[in-house]
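Encoded as structure tokens, the structure appears first; notes follow it.
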Amino acid sequence: MKEYQTITEISGPLVYAEVDEAIGYDEIVEIETAQGETLRGQVLESSDGVVAIQVFEGTSGIDQNASVRFLGETMKMPVTEDLLGRVLDGSGRPIDDGPEIVPEERQDIVGAAINPYSREYPEEFIETGVSAIDGMNTLVRGQKLPIFSSSGQPHSELAMQIARQASVPEEEEGDDDEEGSEFAVIFGAMGITQEEANEFMEDFERTGALERSVVFMNLADDPAVERTVTPRMVLTTAEYLAFEKDYHVLVILTDMTNYCEALREIGAAREEVPGRRGYPGYMYTDLAQLYERAGRIQGRDGSVTQIPILTMPGDDDTHPIPDLTGYITEGQIYVDPDLNSQGLQPPINVLPSLSRLMDDGIGEGLTREDHADVKDQMFAAYAEGEDLRDLVNIVGREALSELDNKYLDFADAFESEFVDQGFDQNRDIEETLEIGWDLLSMLPKDALNRIDEEFIEEYYREDDSEREVVEAAD
């Protein structure tokens with residue numbers, strides 16, 4: 001292993017050194033400072049006898065007397081089933097005062113893309129316990145479904161709720177003796193504040209969710225370079241548990257905006273030509289490399305499902321980060337500032353939200369046979385109610401027909417009873433659909449034009465509508 005003392009330049013998180021041999025891209029580097037401290041880095045660029053190294057711990061303390069060692073291998077994540085219940089920093093080192101991790105193997109963090117031929121189509125329901133997701137924008141095993149939020153919204157609380165409550169329903173029904181896949185959550189936090197980190201950890205420990213979780217914490221004051229490694233560490237761990245240990249793994253990544261800001265910062269330090277709004281031109285490719293690591297593989301029992309969370313700068317979904325994420329992923333869940341200001345928890349706006357794989361993950365044998373019809377009818381009725389709210393502001397409720405007034409009442413009730421459930425309430429899919437029928441029974445039967453007749457006969461609540469007629473007569 002050669003050692004060099006040839007550092008020529010230090011620029012932000014980057015160190016440039018002269019070399020006299022071919023150095024591989026992404027190769028891991030150890031830099032020993034004059035004070036005896038050893039820092040880790042990674043080769044970003046290698047050309048004409050000069051390499052650019054990004055240093056994970058930051059470049060303070062490095063000068064031209066520091067020595068550089070190239071280890072001849074790419075960055076690897078030590079993986080083992082014993083990672084469950086542990087808390088690690090952004091580059092995979094334990095920070096929970098627990099015992100040393102003895103890895104079963106060390107896997108390359110870049111990971112191999114899943115061969116499209118070997119991919120299995122995602123079509124099994126994951127229950128998050130959140131009605132606005134389970135009922136209206138269902139998450140399917142192997143899917144990537146981002147949450148679009150904005151600064152100041154309670155997306156962290158929603159992330160914690162999903163991490164705490166998410167489960168695979170049919171696995172729970174099997175006997176304990178049966179060989180079934182277990183469920184695990186891998187939580188990757190990037191660029192969050194110490195206060196947010198404390199809240200996450202308190203919640204994980206208080207609810208016992210930590211036992212089936214692996215938590216990676218990259219804080220706001222940690223180096224930006226480490227932030228680019230964190231999601232790859234998370235996904236390497238997820239792939240190991242899913243495809244070698246048969247776990248169904250839910251990966252929650254928050255906040256992808258901080259990750260992209262780190263890419264921009266490193267791009268600026270490398271003096272790259274910027275793309276849209278100063279972000280690197282390769283950001284689409286970079287995000288796709290992360291998001292496409294979700295999925296299922298034929299012949300393997302496990303799966304990797306992703307919920308990336310991103311805060312849209314200026315609440316603008318045409319911003320490059322949500323825009324590119326929307327291209328790559330299979331839908332999005334919108335956290336809405338207006339619903340949040342009304343006090344709804346979680347403030348999910350179901351109308352612009354979408355789960356593109358939902359139709360394959362619901363129905364008989366998966367959720368319930370009436371699920372798709374109930375969802376379609378509720379979407380239609382809520383959208384109608386939303387349109388009428390604008391009209392009421394102009395003409396007043398008295399000018400509307402009796403049916404229009406029912407749609408307005410439905411929209412109010414949909415928000416207050418279906419969407420607003422609190423961050424601590426866990427609803428199974430049966431409860432979610434029953435609430436849906438309670439709400440749809442506010443409308444007359446002949447208005448339910450998206451639901452099969454037999455479902456109306458079985459689930460429609462005659463009593464509710466009759467009671468409302470009596471009340472109206474009084």
- Closest contact, heavy atoms only, Pro313 versus Thr257: CG-CG2, 4.4 Å
- Message: With heavy-atom distances below 4.5 Å as the criterion, would you say the side chains of Arg450 and Asp373 are in contact?
- Response: no
- Query: How far apart are the C-alpha atoms of Phe148 and His319, what are their side-chain angles, what is the distance that settles it, and do they pass the ring-ring contact (aromatic ring centres under 6.0 Å, His included) test?
  - Reply: CA-CA 11 Å; Phe148 285 7; His319 185 278; over 10 Å; no
- Main-chain N/O of Gly436 paired to Gln377 side chain as donor or acceptor, under 3.5 Å: no
- Message: Between Glu81 and Tyr247, do the side chains contain a donor N or O and an acceptor N or O under 3.5 Å apart?
- Response: yes
- Message: Tell me if a side-chain donor or acceptor on Gln345 pairs with a main-chain N or O of Leu158 at a distance below 3.5 Å.
- Response: no
- Query: What's the verdict on side chain to side chain contact (heavy atoms under 4.5 Å, CB included) for Phe204 and Val87, showing C-alpha distance, side-chain angles and the deciding distance?
  - Reply: CA-CA 11 Å; Phe204 273 113; Val87 184; over 6 Å; no
- Message: Looking only at the side chains, is there a donor atom on one of Glu199 and Ser156 sitting less than 3.5 Å from an acceptor on the other?
- Response: no
- Query: For Glu45 and Tyr25, does a side-chain donor sit closer than 3.5 Å to a side-chain acceptor?
  - Reply: no
- Message: Go through it in stages, so that I can follow the logic: the residues are Thr311 and Asp255, the test is side chain to side chain donor-acceptor pair (under 3.5 Å), and I'd like the CA-CA distance, side-chain angles, deciding distance and then a yes or no.
- Response: CA-CA 7 Å; Thr311 48; Asp255 181 337; 2.7 Å; yes
- Distance-minimising heavy-atom pair for Pro231 and Met190: CD-SD, 3.6 Å
- Item | Criterion side chain to side chain contact (heavy atoms under 4.5 Å, CB included) on Ile429 and Arg368, from CA distance to verdict | CA-CA 8 Å; Ile429 190 62; Arg368 206 169 77 178; 6.0 Å; no
- Query: When you check the side-chain N and O atoms of Ser11 and Tyr16, is any donor under 3.5 Å from an acceptor?
  - Reply: no
- Note on the structure: When every non-hydrogen atom of Ala242 is compared with those of Ser303, the smallest separation belongs to CB-O, 3.5 Å
- Message: Has Glu3 got a side-chain atom pairing as donor or acceptor with Arg69's backbone, closer than 3.5 angstrom?
- Response: no
- Query: Between the side chain of Gln161 and the main-chain N/O of Thr128, is any donor-acceptor distance below 3.5 Å?
  - Reply: no
- Quick check: does any side chain N or O of Arg264 sit under 3.5 Å from a backbone N or O of Pro274, one acting as donor and the other as acceptor? no
- Query: With sequence neighbours excluded, what pairs up with Tyr382 under the ring pair (Phe, Tyr, Trp, His ring centres under 6.0 Å) test?
  - Reply: Phe414
- Item | Donor-acceptor contact present, side-chain Asp420 to main-chain Glu415, <3.5 Å | no
- With a cut-off of under 6.0 Å to the ring centre and 45° to the axis, is Arg227 in cation-pi contact with Tyr259? no
- Query: Taking it one step at a time, do Asp323 and Arg277 satisfy salt bridge (charged side-chain N to carboxylate O under 4.0 Å, His left out)?
  - Reply: CA-CA 12 Å; Asp323 190 32; Arg277 302 210 195 176; over 6 Å; no
- Message: Using modelled atom types and a 3.5 Å cut-off, is there a donor and acceptor pairing between side-chain atoms of Thr230 and backbone atoms of Glu226?
- Response: yes
- Message: Would the distance check show the side chain of Glu27 and the main-chain N or O of Gly24 forming a donor-acceptor pair, the cut-off being under 3.5 Å?
- Response: yes
- Query: For Leu287 and Cys260, what are the C-alpha separation, side-chain angles and deciding distance, and is it a side chain to side chain contact (heavy atoms under 4.5 Å, CB included)?
  - Reply: CA-CA 9 Å; Leu287 289 173; Cys260 293; 3.9 Å; yes
- Task: Heavy atoms only: give me the nearest Ile266-Gln54 pair and the separation to one decimal.
- Result: CD1-OE1, 3.5 Å
- Item | Gln289 backbone acceptor or donor facing Arg293 side chain under 3.5 Å | no
- Item | Donor-acceptor side-chain pairing of Asn198 and Gln194 below 3.5 angstrom | yes
- Before giving the answer on side chain to side chain donor-acceptor pair (under 3.5 Å), spell out for Arg427 and Ser131 the whole-Å C-alpha distance, their side-chain angles and the decisive distance to 0.1 Å. CA-CA 7 Å; Arg427 291 181 184 162; Ser131 290; 2.9 Å; yes
- Message: I'd like to know if Lys76 and Glu105 make a salt bridge, using a cut-off of under 4.0 Å between side-chain N and carboxylate O.
- Response: no
- Would you sort out whether Asp317 and Tyr334 count as a side chain to side chain contact (heavy atoms under 4.5 Å, CB included), showing the intermediate values? CA-CA 10 Å; Asp317 57 11; Tyr334 273 91; 2.7 Å; yes
Which donor-acceptor pairs under 3.5 Å do side chains of residues 358-367 form with protein atoms, sequence neighbours excluded?
unit_1: Asp360; atom_1: OD2; unit_2: Tyr121; atom_2: OH; d: 3.1
unit_1: Thr367; atom_1: OG1; unit_2: Gly363; atom_2: N; d: 2.9
unit_1: Thr367; atom_1: OG1; unit_2: His371; atom_2: ND1; d: 3.0

- Message: Using only atom types and a distance under 3.5 Å, with no angle test, would you say the side chain of Gln298 pairs donor to acceptor with the backbone of Glu120?
- Response: no
